[in-house]
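In the text below, chain A, chain B and the rest are named by the order of the sequence lines, each starting its count at 1.
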Amino acid sequence: MERITIRFKVNGEDATVAVEPHWNLLRVLREELELTGAKEGCGAGECGACTVLVNGRAVNACLYPAVEADGAEVTTVEGLAGPGGELHPIQRAFVEKGAVQCGFCTPGMVLSAKALLDRMPLPSEEEIRTALAGNLCRCTGYAQIIEAVQAAAEELSR
Amino acid sequence: MAAKGFSYHRPTSLGEALALLADLGPGAVPVAGATDVWVNLRAGKLAPEALVSLRNVPELSGLRKTEHGLALGACVTHAEVEDDPWVAEHFPALHQACSGVGSRQVRNVATVGGNLCNAAPSADSAVGLLLYDAECRIETGIGHRDVPLTEFFAGPNRTVLGPGEVLAEIRLPLPAGRTFAGYRKITRRKAVELPMIGIGARVTLGADGRVAEARIALGVAGPTPLRVRKAEDRLEGELLTREAVAEAAEIAAQQAKVRDSWRGEAWYRREMIRVWIPRILDEAVLSRKG
Ligand SMILES: Cc1cc2nc3c(=O)[nH]c(=O)nc-3n(C[C@H](O)[C@H](O)[C@H](O)COP(=O)(O)OP(=O)(O)OC[C@H]3O[C@@H](n4cnc5c(N)ncnc54)[C@H](O)[C@@H]3O)c2cc1C
Ligand code: FES
Ligand code: FES
């Protein structure tokens, strides 16, 4: 099939990629743009390892047709740190609370948390659990992740 | 990666979308949030010649609220419904059904129209919409027709949509009277799971305090999401008593065509219908008093 050229912003920078109609956004990010923060776990919307933000909303990049990214603003975990490489408060809270073990789920967790805190600065524990329900973690048991999001929420709201 | 070999089209008006579907012929498949389409492509269950995306069609977006009710563009996402306090207040069962679909990532893209058109027996939002007498506006390319949701499903993953037709809007009248409603999906884990059984109930009281309208709707209780008219009949015209509700729940449990599957056994699904129809209405009454 003929490729389709899409133009979009990734982490604030312009990107132009010629994509095949059957590619998903995850493939464009990882293989074309070499942003390997988003991971492929299930490839079917179940695990959240591929979570990125499209126009501020958390989506599963594995189910997001690449063509539909045309004109969008995409944020990956690589776009969160500050210009000097200092970690985003959510990332720092994950490190401090022990919410990262193998790290496979972490980019997706952090972005789901960011989308939540951007629309709901001080969520309840229940609201955090709901927002992160689509992100599976095989290591941490989730408690530290919830704590990290709570700590980040407090810091960001200060 | 999805199956190869299809072209991808992104019309920016309804007219353009319908024209594309007509020109491309029966090998062209509409796609909205792609949460079913992409999974099916990947699984090899779908091999379209073309995908026609409805995402950028403005006529299919937006929630419109009027004094008569609610009109949902077919491409309204589950998250838009979830985040809308007006819908939560006036159509609580629909709000609960939509908020329980998949994960936030899924709800951010999955559309309500896609949930109906995919026509899974387990479709959560479909059950919520059945409770509120939803009507579907179908654009045919040469005009439109309106079909009650009760007549929209034709079987598992089948609808009355003809080739090239697009579901454009879903309309729900506001219930006229004091209304108690809710939806509960029974699952083995708390999130990101299809219902083992989906249970919805609504009663709207008349001026005389009796049940003017009763709606009992179920998912995974037959080939399509469905209403249980016999259970509704048990309630209509009656006072809303525990006995009447328990009997209606018993009728719904018996009418349900539930099966044993790896997700759950038939007896348990039936039992959940018995238990949850009264609970849903109890909870709705209590929350309205609060
Ligand atoms: C991880 C995961 C979890 C899920 N959990 C749930 C759940 O808990 N409950 C549930 O009910 N579903 C669930 N689903 C299924 C799916 O998300 C829903 O059915 C969703 O509403 C489909 O909407 P969509 O916009 O993504 O549809 P798409 O995948 O874009 O389309 C679905 C079907 O409808 C057709 N279509 C879409 N829009 C139109 C239109 N306007 N006119 C004509 N045809 C149209 C398409 O051609 C296709 O056949 C889940 C899916 C995933 C991947
Ligand atoms: S890889 Fe996308 S949800 Fe699992
Ligand atoms: S830290 Fe290993 S999967 Fe979450």
>> Measuring from atom CZ of B:Arg104 to atom OG of A:Ser112, what distance do you get when rounded to the nearest 0.5 angstrom?
In response: 10.0 Å
>> Between A:Asp70 and B:Arg10, is there a side-chain heavy-atom distance shorter than 4.5 Å?
In response: yes
> Mind checking whether B:Val192 and A:Glu46 have side chains closer than 4.5 Å, heavy atoms only?
Replying inline: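 Of all side-chain heavy-atom pairs linking A:Glu46 with B:Val192, at least one is under 4.5 Å.
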Should we count [atom1] of [X] as having more than 12 external heavy atoms under 6.0 Å?
X        : atom1 : result
B:Glu59  : CD    : yes
B:Arg259 : CZ    : no
A:Glu13  : CD    : no
B:Lys45  : NZ    : no

>> Using only non-hydrogen atoms and a strict under-4.5 angstrom cutoff, which residues of residues 52-68 of chain A touch chain B?
In response: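 The list, in residue order, reads A:Arg57, A:Ala58, A:Val59, A:Asn60, A:Cys62, A:Leu63, A:Tyr64, A:Pro65, A:Val67, A:Glu68.
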>> Can you list the residues of residues 131-152 of chain A that sit under 4.5 Å from chain B, counting heavy atoms only?
In response: A:Ala131, A:Ala133, A:Gly134, A:Asn135
> Which one, A:Gly43, A:Ala44, A:Gly45, leads in non-hydrogen pairs under 4.5 Å with chain B?
Replying inline: A:Gly43
> By a 4.5 Å heavy-atom criterion (distance strictly below it), what part of A:Cys42 contacts chain B: side chain, backbone, both, or neither?
Replying inline: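 The backbone, not the side chain.
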> Tell me, side chain or backbone of A:Arg129 under 4.5 Å from chain B's heavy atoms, or both, or neither?
Replying inline: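 Contact with chain B is absent: no heavy atom of A:Arg129 under 4.5 Å.
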> For B:Trp38 and A:Trp23, which heavy atoms make the closest approach, and how far apart are they?
Replying inline: CZ2-O, 3.6 Å
>> Minimum heavy-atom separation for B:Tyr8 and A:Ile4, please, with both atom names.
In response: O-CD1, 3.9 Å
